Amino acid sequence: MTTHIPLLTLPSVFFSQPAAAILLPVAIGTAIGFSMRPKETQKTYLALRQPPLRPPPWIFGPMWTLLYGLMGYAAHRSWTTGMGSSFNPSKVMLTKQGATLYTIQLVLNFIWMPLFFRLQRPIEATVDIVALTGITGYLTYVWGQVDEVSGWCLAPYLAWLSFATYLSAGAGYLNGWDFSGKERPISAKGGDTKYVDEKAE
C-alpha cells in the first residue's frame, strides 16, 4: 500500500488547475522529445532490430501527446473529485496517494527515452518501463476508486505502456541488450530496415 509522500509529490497546483495539470506532462514530454533530436532518435529506432508489430516512428509523437493530455486530465479530475470529498477521509487519502504515484510514474516516464536512446541502456530502460507500467496500473486502480472517469482516462496509457514494454524488451533481446554502435540503417524505405554490422566493415 503506497502512502502519500509530500516530498515525492507535485505541488497541488499541478492537480487543482486544469491547464497546469494537462500542460505539465505535455510540455515536459515534448521538451524531452525534442531534446533527444527526433531525426537521430528515428534513425536509431530504424536501425535496431525490432519485434513484430512495431509501429512507424511518426505515430509516437501524436500518441504520446494524446496520452499525456489524458493523464493530465485524469490527475486534475481525480484531485478535484477526491479533495472535494471532505466527508469521505478514505477517498481523500486515496487521492493523495494517487498524487504521489502519479509523480513517481511521471519521473519514470520521462527518463525512459534518455535511457533507451541517448544512453543506449536497454536493460535499464526495460526495467524502468516495467516499473512504470506496474505503478501506472496501481495508479489506475487507486484513482479509479476516487473517480471512475479518471481511471478510464488512464486505461489507454496503461495499454500503450504494456505495448511499449513489449517493444522495449523485444528490441533489447533482439539486439543482444547492447545498442552501442552495433548497427546502422542502410535504407529506411520499404517495409524492412536493412542492417550493417559496423564491426564487420
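Keep in mind that what you see is a predicted model, and the values were worked out from it rather than measured.
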Would you say that Leu132 contacts Trp112 through its side chain, given a criterion of any heavy-atom pair below 4.5 Å between the two side chains? no
Could you check if a side-chain atom of Leu46 sits within less than 4.5 angstrom of a side-chain atom of Arg54, using non-hydrogen atoms only? yes
Report yes or no: does Ser35 contribute a side-chain atom to a donor-acceptor pair with the main-chain N or O of Ile32 at less than 3.5 Å? yes
Interatomic distance, Thr81 atom OG1 to Asn88 atom CG [nearest 0.5 angstrom]: 12.0 Å
Sequence neighbours left out, cut at 3.5 Å: what donor-acceptor pairs do the side chains of residues 58-73 make with other protein atoms?
| from | atom 1 | to | atom 2 | distance (Å) |
| --- | --- | --- | --- | --- |
| Thr65 | OG1 | Gly61 | O | 2.9 |
| Tyr68 | OH | Asn109 | OD1 | 2.6 |
| Tyr73 | OH | Arg77 | NH1 | 3.4 |

Quick check: do Phe163 and Pro55 have side-chain heavy atoms less than 4.5 Å from each other? yes
Would you say the side-chain atoms of Asn175 pair up with the backbone N or O of Arg49, donor to acceptor, closer than 3.5 Å? yes
Approximate separation, where rounding is to 0.5 Å, of Thr3 OG1 and Lys96 NZ: 10.0 Å
I need the Thr103 OG1 to Leu8 CG distance, nearest 0.5 Å. 8.0 Å
According to a hydrophobic-cluster definition based on side-chain heavy atoms being under 4.5 Å apart (Ile, Leu, Val, Met, Phe, Trp, Tyr only), do Leu108 and Val130 belong together? no
What closest approach, in Å, do Phe116 and Ala171 show between heavy atoms, and which atom pair accounts for it? CZ-CB, 4.1 Å
Assert yes or no for the condition that the ring centre distance of Phe117 to Phe179 is strictly below 6.0 Å. no
Separation of Ser150 OG from Gln145 CD (nearest 0.5 Å): 12.5 Å
Ignoring hydrogens, what is the shortest heavy-atom contact between Ala169 and Trp177? Give both atom names and the distance. O-CH2, 3.6 Å
Looking at every heavy atom in both Pro18 and Ser16, which two are closest together, and how far apart are they? CD-O, 3.6 Å
Could you measure the distance from the OG1 atom of Thr95 to the OH atom of Tyr102? Nearest 0.5 Å is fine. 14.5 Å
Side chain proximity check, Arg118 to Met113, heavy atoms < 4.5 angstrom: no
Do Met83 and Leu139 sit in the same hydrophobic cluster, where Ile, Leu, Val, Met, Phe, Trp and Tyr count as joined when their side-chain heavy atoms come under 4.5 Å apart? yes
Spell out, as yes or no, whether a donor-acceptor pair under 3.5 Å connects the side chain of Thr9 to the backbone of Ala99. no
If Ile, Leu, Val, Met, Phe, Trp and Tyr residues are connected whenever their side-chain heavy atoms lie under 4.5 Å apart, and connections chain through other members, are Ile104 and Ile28 in the same group? yes
Do Thr126 and Ser168 have a side chain donor and acceptor closer than 3.5 Å? yes
Where Leu106 and Pro25 come nearest, the two heavy atoms and their spacing: CD2-CB, 4.1 Å
Would a distance-only check, ignoring hydrogens and angles, find a side-chain to backbone donor-acceptor pair under 3.5 Å from Gln17 to Phe14? no
Is the side chain of Thr41 donor-acceptor paired with the backbone N or O of Met36 at a distance under 3.5 Å, no angle test? yes
Hydrophobic cluster identity match, Tyr157 and Ile135, side-chain contacts under 4.5 Å: yes
Going hydrophobic residue to hydrophobic residue with side-chain gaps under 4.5 angstrom, can you get from Phe110 over to Leu154? yes
Does Pro52 reach the side chain of Tyr166, with side-chain heavy atoms less than 4.5 Å apart? yes
Determine the minimum heavy-atom distance between Gln120 and Ser180, stating which atoms define it. OE1-CA, 3.1 Å
Shortest non-hydrogen contact between Leu158 and Thr133, atoms and distance: CD1-O, 3.6 Å
d(Leu7 CG, His4 NE2) to nearest 0.5 Å is 9.5 Å
